S.K.: 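Please see the structure below; I have some questions.
Proteins come first, then strands; the chains are lettered A, B, ... in the order of their sequence lines, and each starts at number 1. Treat the numbers as computed from the prediction; the structure is a model and nothing was measured.
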Amino acid sequence: MTTLTQTLSGLFGSAFAALGLGESLGAVKTSDRPELAQFQCNGAMAGAKALGKNPREIAQAVIEKLQSQKDVFQKLDIAGPGFINITLTDDFIARALHTMATDPLRGVTQHPKETIILDYGGPNIAKPMHVGHLRAAIIGDALRRMCLYAGYRAIGDVHMGDWGLPMGQIISELEIRHPDWPYFDPAFAGPYPAQSPLSMDDLEEIYPAASNACKNDQSRLEAARLATRDLQDGRPGYRALWQHFISVSIAGMKANFTALGVHFDWWKGEADAHPFIGPMVEKLRAQNLAVESDGALVVPVAREDDKKEIPPLILYKSDGAVMYGTTDLATIVDRVEHENPAKIIYVVDQRQALHFEQVFRAARLSGIAGPKTELIHAGFGTMNGTDGKPFKTRAGGVMKLEDLITMAVEKAQARLEEAKLAQEVDTAEKESIARKVGIAALKFADLQNNRVADYIFDIDRFVAFEGKTGPYLQYQAVRIQSLLRKAESQNLRISESQIMIQDSDRSLALFLCAFPDHFEIALRNHTPHVLCDYAFTLAQAFSTFYGACHILSEPDAVLRQSRLHLCALTLQTLTAVLGILGIDVPERM
RNA sequence: GCGCCCGUAGCUCAGUGGAUAGAGCGUUGGCCUCCGGAGCCAAAGGCCGCAGGUUCGAAUCCUGCCGGGCGCGCCA
């Protein structure tokens, strides 16, 4: 459907076209000066040059074409060098709002049902998830929800790190510790034990030990490399042991992702790309794209016009093992072959930008990704501590994601008590509310930051409940729900009532109409923070409206119904936006 | 050395060529015996890192410099 600004831009575009100017000059946006007007059009100034006329004359001509539309425009005037200031009739605003209200998507354009694959997990096997995994998970999940809302077929893939050197490090460490295990006996004919010999806690201890051993001892590193290659080559005992790492690790990941409300459609890993590597490399060789270099097999991806040196993508290291570039490329083979996606979005640390540049170039050169598959690295910045350096706990270690989540939920619980909220509900519901509030605080604190920039991870801010926070937004929604419940108990019907625009509710009504514009920007640029900003401003607009006029005690029945309707619309929109961001709204709090 | 990102209020951050640059936190002052005060209203607080350029118009685009972060062949 057409949004309010699109409708207005269309009207102005035709007016400009009638003057022999480009239709795009008619672009209408929300006014920068709300005290002067609701919307503005700046095209007259840009068009002045083309016609060699005074911009104010052009603005005047445009206005003359439009001012007969008295049902739309309450006022059109020229300001400054040639701004056209636009004020709509309340009736037109009410109609626009009504149109939006009747659309289940609240005005968002439905996109074609193409497939978009999002890659936003990347947790590693055998390592506990830490705060660094938070960004990928919640930004990626928000982007997935945005794609779904827009009508795409969106698929989230956790894409675990389960195939690299760390696997070999753990295997060779275990081989030293438990040489008697059947996994290490080449003569063992199976079957291997169904039960994992290791718990997640074991793995958390073993991995750093193995990794350190390799750092300090060349022969240990060599052993780990060999084990990695043998694992990748399919040695049965190693594969069986490795399967245990995976199932144990996935259980840990699922606990974290479930707590966060982050969803994945696929629980694939780098290893799933393995079967595609051999044939892919053969094809690359046949295309003369893969060449030997210093004992490794690489795809040169540098171009003449590069401003910087782009190293080749390494397919096979000189020791015969594959690298993550290899699996990333082979994963594209898999995805294109089976899903033919219109887009693949990688929500991965910005520091990987060069890596993705290499992979994307190799995919283009070889035709692995055709012109119909867009490849996007939606990188995000580093999470720093309040000192501006990469975040560490007071003890100097990394903070586990699990601990951060627990901390947020406990803080929410304490705050509920302190504020004497949710007093009348039972313990189970209180627990559920605290969980929703804590998670909302966490997610919103992260999502509201611009994706690409580094940002300061301030624990106090992450569990704050006032100001521009997730809980504030939930609170506004809960307050509206409470109001609507009261209205219902008084038998006030709201569904069919028309909206009557008055001074106290005009800006709220206009802002509700602007939702699709904000959504499109967020979708196009893969920037959830735009939606955070919209949700916050909407909640504030509501709160202002709520403070300015009493609703239930409004004596004019028509006005009361209209305001209840506006409340309901605000609630629906706010809940929808929060839902897209992955934030639940409790019934009470 | 080369390349990428960032530099906006005391702090944390929005701001995709338009008018008088915004928000949250913090600070200061207000808010009706009525719908949930995790709220609302208001004030103070800015050479938008610096210097040029393009443009009718620049926080935004271009160039140079300064400061910070990151990356640059066999880790992921």
Side-chain angles (χ1 to χ4, degrees), chain A residues 29 31-33 35-36 40 42 45-46 48-49 55 79-83 85 122 124 161 163-166 211 214 270 293-298 306-319 321 323-325 327-328 348-355 357-358 379 381-382 384 386 388-390 415-416 418-419 421 437 445 448-450 452-456 458 460-461 464-469 471-476 478-487 521 524-525 527 529-530 532-533 536-537 539-540 543-554 567 588-589:
Chain A
K29 53 176 258 183
S31 176
D32 291 331
R33 301 281 302 273
E35 75 282 9
L36 296 180
Q40 61 184 4
N42 303 336
M45 289 171 292
K49 201 149 204 192
F83 297 101
N85 279 334
N124 294 312
W163 206 229
L165 184 64
S211 167
C214 291
E270 294 177 316
S293 168
D294 297 333
L297 186 69
V298 306
D306 282 338
K307 278 190 289 185
K308 58 178 170 182
E309 199 180 325
I310 309 264
L313 182 78
I314 297 178
L315 295 171
Y316 285 120
K317 300 192 288 181
S318 43
D319 68 4
M323 298 222 349
Y324 76 136
T327 53
D328 276 353
V348 181
D349 194 315
Q350 190 61 40
R351 287 174 294 191
Q352 307 277 333
L354 180 59
H355 165 73
E357 179 73 40
Q358 292 172 285
T382 314
N384 291 325
T386 39
K389 295 189 199 123
R415 182 73 183 119
L416 283 176
E418 185 190 316
L421 290 167
V437 172
Q448 68 166 302
N449 293 290
N450 184 358
V452 295
D454 291 352
Y455 82 108
I456 306 281
D458 181 349
D460 293 330
R461 186 174 160 224
F465 305 103
E466 280 147 35
K468 194 172 181 181
T469 64
Y472 166 82
L473 297 173
Q474 290 174 315
Y475 176 74
Q476 297 301 345
V478 163
R479 233 168 29 160
I480 303 173
Q481 288 176 138
S482 167
L483 180 67
L484 294 177
R485 274 197 297 267
K486 280 210 170 67
I521 293 169
R524 187 167 59 240
N525 301 329
T527 47
H529 83 272
V530 170
C532 291
D533 214 65
F536 180 67
T537 309
Q540 269 189 326
S543 211
T544 301
F545 158 74
Y546 180 87
C549 50
H550 204 269
I551 297 159
L552 292 178
S553 64
E554 169 58 49
C567 289
R588 291 175 281 232
M589 65 186 275

S.K.: Taking the six-membered ring where the residue is Trp, are the ring centres of A:Tyr472 and A:Phe536 under 6.0 Å apart?
M.R.: yes
S.K.: Between A:Ile456 and A:Thr386, which heavy-atom pair has the shortest distance, and what is it?
M.R.: CG2-CA, 3.7 Å
S.K.: Scan A:Ile551 against the nucleic acid and name what it touches under 4.0 Å (heavy atoms): base, sugar-phosphate only, or nothing.
M.R.: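 If one applies the 4.0 Å heavy-atom cut-off, A:Ile551 turns out to touch a base.
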S.K.: Scan A:Val530 against the nucleic acid and name what it touches under 4.0 Å (heavy atoms): base, sugar-phosphate only, or nothing.
M.R.: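 Counting heavy atoms under 4.0 Å across all strands, no contact is made by A:Val530.
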S.K.: Tell me which nucleotide among B:rG71, B:rA38, B:rC40 gets nearest to the side chain of A:Met589.
M.R.: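 Looking only at heavy atoms from C-beta outward on A:Met589, the closest nucleotide is B:rA38.
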S.K.: When you measure from the side-chain N and O atoms of A:Tyr472 to the phosphate of B:rC40, is any distance below 4.0 Å, counting only OP1 and OP2?
M.R.: yes
S.K.: Side chain of A:Leu354, heavy atoms from C-beta onward: which of B:rC35, B:rG73, B:rG71 has the nearest atom to it?
M.R.: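 Side chain of A:Leu354 sits closest to B:rG71.
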S.K.: Ring of A:Tyr546 versus six-membered ring of B:rG39: centres under 5.5 Å and planes under 30°?
M.R.: no
S.K.: With a cut-off of less than 4.0 Å, is there a side-chain N or O of A:Thr544 near OP1 or OP2 of B:rC41?
M.R.: yes
S.K.: Regarding A:Asp306, tell me which of base, sugar-phosphate or nothing describes its non-hydrogen contacts under 4.0 Å with the strands shown.
M.R.: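 Nothing: the residue A:Asp306, judged by heavy atoms under 4.0 Å, touches no strand.
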S.K.: Between A:Tyr324 and B:rA76, is there a contact of a side-chain N or O with OP1 or OP2 at under 4.0 Å?
M.R.: no
S.K.: Taking any heavy-atom pair under 4.0 Å as a contact, classify A:Glu270: base, sugar-phosphate, or nothing.
M.R.: sugar-phosphate
S.K.: Once you apply the 3.5 Å cut-off to both distances, tell me the Watson-Crick or G-U wobble partner of B:rG67, or none.
M.R.: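 Its partner is B:rC6 (Watson-Crick or G-U wobble, both distances under 3.5 Å).
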S.K.: Does B:rG29 pair with anything, Watson-Crick or G-U wobble, both distances under 3.5 Å, and if so, with which nucleotide?
M.R.: B:rC41
S.K.: Examine distances only and state if a side-chain atom of A:Gln358 and a backbone atom of A:Pro311 form a donor-acceptor pair shorter than 3.5 Å.
M.R.: yes
S.K.: May I ask which nucleotide in the shown strands pairs with B:rA19, Watson-Crick or G-U wobble, both distances under 3.5 Å?
M.R.: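 No nucleotide pairs with B:rA19.
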S.K.: Side chain of A:Gln540, heavy atoms from C-beta onward: which of B:rG39, B:rA23, B:rG18 has the nearest atom to it?
M.R.: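 So the side chain of A:Gln540 is nearest to B:rA23.
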S.K.: When you compare B:rG46 with B:rC34, how far apart are their C1' atoms, in angstrom units rounded to a whole number?
M.R.: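 The same atom, C1', in both gives a distance of 41 Å.
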S.K.: Between B:rU60 and B:rG24, how far apart are the C1' atoms? Round to whole Å, please.
M.R.: 23 Å
S.K.: With a cut-off of less than 4.0 Å, is there a side-chain N or O of A:Gln350 near OP1 or OP2 of B:rC6?
M.R.: no
S.K.: Verify side chain to side chain contact (heavy atoms under 4.5 Å, CB included) between A:Gln350 and A:Val452, making sure each step is shown before the conclusion.
M.R.: CA-CA 7 Å; A:Gln350 190 61 40; A:Val452 295; 4.2 Å; yes
S.K.: Under 4.0 Å between any heavy atoms, over every strand shown, what does A:Asp349 touch: base, sugar-phosphate, or nothing? Just pick one.
M.R.: nothing
S.K.: In whole Å, what separates the C1' atom of B:rC6 from that of B:rA59?
M.R.: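 After rounding to an integer number of Å, I get 14 Å for this pair.
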S.K.: Just compare B:rC35, B:rC74, B:rA19 and give me whichever is closest to any side-chain atom of A:Gln40.
M.R.: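 My answer, after comparing the listed nucleotides, is B:rA19.
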S.K.: Under 3.5 Å, is there any donor-acceptor pair linking the side chain of A:Asp328 to the base of B:rA76?
M.R.: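 Such a pair does not exist between side chain and base.
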S.K.: Need the pair for B:rC11. Rule: Watson-Crick or G-U wobble, both distances under 3.5 Å, any strand; none if unpaired.
M.R.: B:rG24
S.K.: Please give the distance between the C1' atoms of B:rC11 and B:rG26 as a whole number of Å.
M.R.: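 Going atom to atom, C1' in each nucleotide, I get 8 Å.
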S.K.: Closer to the 5' end of RNA chain B via nearest nucleotide, is it A:Arg524 or A:Asn449?
M.R.: A:Asn449
S.K.: Answer yes or no: is there a donor N or O on one side and an acceptor on the other, between the side chain of A:Gln448 and the main chain of A:Asp533, under 3.5 Å?
M.R.: no
S.K.: Rounding to an integer number of angstrom, what distance separates B:rU27 and B:rA9 when you compare their C1' atoms?
M.R.: 13 Å
S.K.: Rounded to whole angstrom, note down the C1' distance from B:rC72 over to B:rU12.
M.R.: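 Per the computed distance, 31 Å lies between those C1' atoms.
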S.K.: For A:Ala353, which contact category applies under a 4.0 Å heavy-atom criterion: base, sugar-phosphate, or nothing?
M.R.: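 Result for A:Ala353 = nothing.
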S.K.: Among B:rC34, B:rG73, B:rA19, find the nucleotide with the atom closest to the side chain of A:Ser553.
M.R.: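 Of the options given, the side chain of A:Ser553 lies nearest B:rC34.
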S.K.: For A:Ile480, which contact category applies under a 4.0 Å heavy-atom criterion: base, sugar-phosphate, or nothing?
M.R.: nothing
S.K.: Quick one: on RNA chain B, does A:Thr469 or A:Met45 contact a more 5' nucleotide (nearest heavy atom)?
M.R.: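 Per heavy-atom nearest nucleotide, the more 5' residue is A:Met45.
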S.K.: Name the closest nucleotide to the A:Met323 side chain, picking from B:rA38, B:rC75, B:rG18.
M.R.: B:rC75
S.K.: Send over the distance from A:Arg351 CZ to B:rC75 P, rounded to a whole Å.
M.R.: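 Nearest whole value for this atom pair: 18 Å.
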S.K.: Under a 3.5 Å limit for both distances, which nucleotide forms a Watson-Crick or G-U wobble pair with B:rA76, could you say?
M.R.: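 Result: none.
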S.K.: Tell me what A:Glu35 touches on the nucleic acid: a base, only sugar-phosphate, or nothing, going by heavy atoms under 4.0 Å.
M.R.: base
S.K.: Side chain of A:Pro311: nearest nucleotide among B:rC35, B:rG73, B:rG71?
M.R.: B:rG73
S.K.: Mind checking if A:Leu483 touches a base, just sugar-phosphate, or nothing, with heavy atoms under 4.0 Å?
M.R.: base
S.K.: With rounding to the closest Å, how many angstrom separate the C1' atoms on B:rA42 and B:rG64?
M.R.: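 The same atom, C1', in both gives a distance of 44 Å.
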S.K.: Could you work out which one of B:rC74, B:rC35, B:rA38 sits closest to the side chain of A:Ser318?
M.R.: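 Nearest to the side-chain atoms of A:Ser318, counting from C-beta on, is B:rC74.
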S.K.: Which nucleotide, if any, forms a Watson-Crick or G-U wobble pair with B:rC61, using both distances under 3.5 Å?
M.R.: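 The base-pairing partner of B:rC61, which may sit in any strand shown, is B:rG53.
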S.K.: Any chance you could measure A:Lys317, atom NZ, to A:Leu297, atom CG, to the nearest 0.5 Å?
M.R.: 14.0 Å
S.K.: So what does A:Cys567 hit on the nucleic acid, given a heavy-atom distance under 4.0 Å: a base, only sugar-phosphate, or nothing?
M.R.: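 Contact class for A:Cys567: none.
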S.K.: If every non-hydrogen atom of A:Cys567 is compared with every non-hydrogen atom of A:Ile480, which pair is closest and at what distance?
M.R.: O-CG2, 3.4 Å
S.K.: So which atom in A:Asp32 and which in A:Gln40 form the shortest heavy-atom distance, rounded to 0.1 Å?
M.R.: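 Looking at all heavy atoms of both residues, the shortest contact is OD2-NE2, 3.1 Å.
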S.K.: Separation of A:Asp533 atom CG from B:rG24 atom P, in whole Å?
M.R.: 11 Å
S.K.: Checking base pairs now: Watson-Crick or wobble, both atom distances under 3.5 Å. What partners B:rG46?
M.R.: none
S.K.: If I compare all heavy atoms of A:Val348 with all of A:Gln352, which pair ends up nearest, and what's the gap?
M.R.: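 Closest pair (atom of A:Val348, atom of A:Gln352, distance): CG1-CG, 3.5 Å.
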S.K.: With a non-hydrogen cut-off below 4.0 angstrom, is A:Asp454 in contact with a base, only sugar-phosphate, or nothing?
M.R.: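 Sugar-phosphate only.
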S.K.: Ignoring the backbone of A:Asp32, work out which of B:rA19, B:rC35, B:rA23 is nearest its side chain.
M.R.: B:rA19
S.K.: Counting just side-chain N and O atoms, does A:Arg479 come under 4.0 Å of either OP1 or OP2 of B:rG37?
M.R.: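 Looking at the OP1 and OP2 atoms of B:rG37, one of them is under 4.0 Å from a side-chain N or O of A:Arg479.
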S.K.: Can you tell me how far P in B:rC62 sits from the matching atom in B:rC5, rounded to whole Å?
M.R.: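 Per the computed distance, 10 Å lies between those P atoms.
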S.K.: For A:Ser543, report the nucleic acid contact type (base, sugar-phosphate, nothing); a contact means any heavy atom under 4.0 Å.
M.R.: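 Here A:Ser543 touches the backbone only, sparing every base.
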S.K.: How is A:Thr537 classified with respect to the nucleic acid when contacts are heavy atoms under 4.0 Å: base, sugar-phosphate, or nothing?
M.R.: nothing
S.K.: For a quick check of understanding: with a heavy-atom distance under 4.0 Å over all strands, which category does A:Lys308 fall into, base, sugar-phosphate or nothing?
M.R.: sugar-phosphate
S.K.: Measure from the side-chain heavy atoms of A:Ser293 and tell me the nearest of B:rA14, B:rC74, B:rG73.
M.R.: B:rG73
S.K.: Does A:Lys307 have a side-chain nitrogen or oxygen under 4.0 Å from the phosphate oxygens OP1 or OP2 of B:rC4?
M.R.: yes
S.K.: For A:Ala296, does its backbone N or O pair with a side-chain atom of A:Asp294 as donor and acceptor, under 3.5 Å?
M.R.: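 Not at all, since once roles are kept as given, no pair shorter than 3.5 Å links the two residues.
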S.K.: Ignoring backbone atoms, establish whether A:His355 has a side-chain N or O less than 4.0 Å from OP1 or OP2 of B:rC72.
M.R.: no
